[in-house]
Amino acid sequence: MDKLTVLLPAVPLLSAVIIALLADAPRQRVARVSIGFSTLTLLLAAAALALYLYDPRTLLVSFGTAWGSLYLDPLSAIMAFAVAGISLVVHVYSARYMAEEAGYARFFMLLDLMASAILLMVTAGDLIMLLVAWHLIGVVLYFLLGHDTQRVAAQRYAFWTFFTYRLGDLPLILAAVLLYQAYDTLSLPLLFERIAAAPEVPTAFGLPLMTTVALLIALSAFARSAQFPLHTWLPYTMEGPTPVSALMHAGIVNAGGFILNRFAPVFVHAGEVLHLVFAVGLITAILGSVLMLTQNDIKKALGYSTMGQMGFMFVECGVGAFSLAIYHLIAHGLFKGTLFLSAGSIIGD
C-alpha cells in the first residue's frame with residue numbers, strides 16, 4: 001500500500017521526464033508514452049482505492065525527513081482515483097486535438113506535470129508538501145494556459161490567473177505557519193489529532209487560532225476556486241487549449257473545495273468562518289448562474305457555469321456538509337470535463 005501511494009504522483013512525473021527526453025521523437029510515440037503512463041496511474045489509483053476499501057486504515061508514508069510525506073485516507077484515495085481518470089481522458093483527447101499544434105511534446109509533458117502536482121496535493125501528508133503541490137499547480141497551469149506563445153490574449157490571461165493564484169497562496173502559507181507554531185508539527189494526521197484535543201489555542205496576536213486559520217484557508221480557497229470577488233480570472237482562461245480548459249474546470253478549480261475538506265477539522269471549530277463561506281458561495285452561485293445565461297460563447301458559458309457550481313460547493317461546505325461537497329466536486333469534474341471536450345462538436349452542429 002505504501003508503494004502504491006508513492007507511485008501515484010511519481011508515475012506521471014516519470015512520464016514527463018521521459019517525454020522531455022523524447023522531445024524530438026514522432027508525435028505518435030510521445031502521445032503513446034504519455035497515455036500509457038496515464039493509464040498506469042489510473043490503475044494504481046484504482047488499486048489504492050480498492051485496497052483501502054478492503055482494509056480501511058489510514059496510511060502515512062514518510063521519507064525520513066522533517067517534511068516530505070504522503071497520506072492515504074478516504075479523501076485522498078477517492079480524489080486520486082477521480083483525478084487520474086479525468087487526466088487519462090484529457091490525455092486521450094489531446095492526442096488528436098493538439099496534433100497540428102506546435103510544442104506537442106511540451107504540451108504532454110506539462111499535462112503529466114499537472115497530473116503529478118494534483119496527485120501530490122491530494123496525497124500530501126504534511127504542510128510543506130501540501131504547500132509545494134499547491135504552488136506547483138499554479139505554475140504549471142500558467143504554462144498550460146499560455147501554451148500558444150503567439151496568442152497575446154492567452155499570455156495576458158495566463159499571467160492574470162498566475163497572479164491571482166499567487167495572491168491565494170499567501171493566506172495558506174500564513175495559515176500553515178500559525179498551525180506549526182501552535183502545535184509544533186508539520187504532519188497533517190498528527191496536526192488534526194492535536195487540534196481535536198486542544199482547539200482553543202490563541203495566536204500570537206491573541207486572536208482565536210481556529211477562526212484565524214480557517215479564515216486564511218477560506219481566502220486561499222476563494223482565489224483558487226474563483227469565488228466572488230476573486231472570480232474575474234476564470235472566464236478569460238478560455239483562450240487556452242480546450243483540453244486545458246477541460247482539465248482545469250474538471251479538476252484544478254476544484255482544489256479550493258478539496259482544501260476546505262482537507263482542513264475540515266479546523267472548520268468545525270470555526271463556525272463564524274463557515275457562515276462566511278456559505279455567504280460567499282451563495283453570492284458566487286447566483287452570480288455565476290446568471291452570467292452563464294447571458295453568454296453567447298459556449299466556452300465562456302461553461303466557465304461561468306463552473307463558477308456557479310463552485311459556489312454551490314462552498315455553500316455545502318458552509319453548512320458543514322463536507323462529504324456532500326466531495327461528491328459534488330467529483331460529479332462536477334466528470335460532467336464539466338465531458339462538456340468542454342464536446343464543446344467543439346456542439347459548435348460544429
Side-chain angles (χ1 to χ4, degrees), residues 58 60 67 69-80 83 118 120-135 137-138 165 168-201 203 207-225 227 230 252-278 280-281 310 313-330:
T58 58
L60 182 67
W67 65 274
S69 57
L70 299 178
Y71 183 44
L72 190 69
D73 68 337
L75 179 59
S76 59
I78 189 64
M79 287 299 300
V83 168
I118 298 176
L120 184 63
M121 179 189 70
V122 300
T123 58
D126 58 77
L127 293 172
I128 301 296
M129 190 70 83
L130 180 63
L131 290 174
V132 169
W134 187 263
H135 176 75
I137 289 173
Y165 271 35
D169 287 348
L170 297 177
L172 188 61
I173 293 172
L174 183 55
V177 170
L178 291 175
L179 287 172
Y180 177 73
Q181 288 181 338
Y183 294 103
D184 193 30
T185 182
L186 293 171
S187 172
L188 289 177
L190 184 56
L191 176 65
F192 296 148
E193 289 179 7
R194 294 182 180 180
I195 288 174
E200 302 299 330
V201 177
T203 66
L207 299 173
L209 179 65
M210 291 298 99
T211 300
T212 305
V213 169
L215 178 60
L216 291 170
I217 295 172
L219 291 175
S220 187
F222 291 163
R224 188 59 62 99
S225 290
Q227 298 297 290
L230 301 173
I252 301 170
V253 180
N254 290 330
F258 167 80
I259 206 71
L260 291 182
N261 281 271
R262 173 55 80 203
F263 286 96
V266 173
F267 283 94
V268 296
H269 300 289
E272 304 88 343
V273 179
L274 286 179
H275 295 159
L276 174 64
V277 170
F278 175 87
V280 172
M310 291 299 102
M313 194 181 304
F314 275 64
V315 167
E316 292 157 0
C317 291
V319 298
F322 293 103
S323 298
L324 177 60
I326 288 297
Y327 172 78
H328 190 170
L329 185 154
I330 295 173

*D126 side chain vs S69 backbone, donor-acceptor pair below 3.5 Å*: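 Checking the backbone N and O of S69 against the side chain of D126, a donor-acceptor pair under 3.5 Å is found.
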How many angstroms lie between [atom1] in [X] and [atom2] in [Y], if you round to the nearest 0.5 Å?
X    : Y    : atom1 : atom2 : answer
L219 : L276 : CG    : CG    : 7.5 Å
F322 : L274 : CZ    : CG    : 5.0 Å
D184 : L179 : CG    : CG    : 12.0 Å
L329 : M310 : CG    : CE    : 6.0 Å
I118 : I252 : CD1   : CD1   : 4.5 Å

Contact between [X] and [Y] at the side-chain level, heavy atoms closer than 4.5 Å - yes or no?
X    : Y    : answer
S220 : W134 : yes
M129 : L188 : no
L190 : Y183 : no
R224 : I137 : yes
L324 : V319 : no
L127 : T185 : no
I259 : L130 : yes
F267 : C317 : no

_Once side-chain hydrogen bond (donor to acceptor under 3.5 Å, both in side chains) is applied, what residue pairs with a partner in residues 316-330 remain, sequence neighbours excluded?_
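Residue pairs passing side-chain hydrogen bond (donor to acceptor under 3.5 Å, both in side chains), neighbours aside: Q309-H328, E316-H328.
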*Go through the structure and list residues passing side chain to side chain contact (heavy atoms under 4.5 Å, CB included) with P189, not counting sequence neighbours.*
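Listed in chain order: L60, Y71, S187.
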*Please list, chain by chain and in numerical order, all residues satisfying side chain to side chain donor-acceptor pair (under 3.5 Å) with D73, sequence neighbours excluded.*
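D73 satisfies side chain to side chain donor-acceptor pair (under 3.5 Å) with S76, R262 once adjacent residues are dropped.
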*Would you call the rings of F314 and F222 parallel, tilted or perpendicular if under 30° counts as parallel and over 60° as perpendicular?*
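Geometry flag for F222 against F314: tilted rings.
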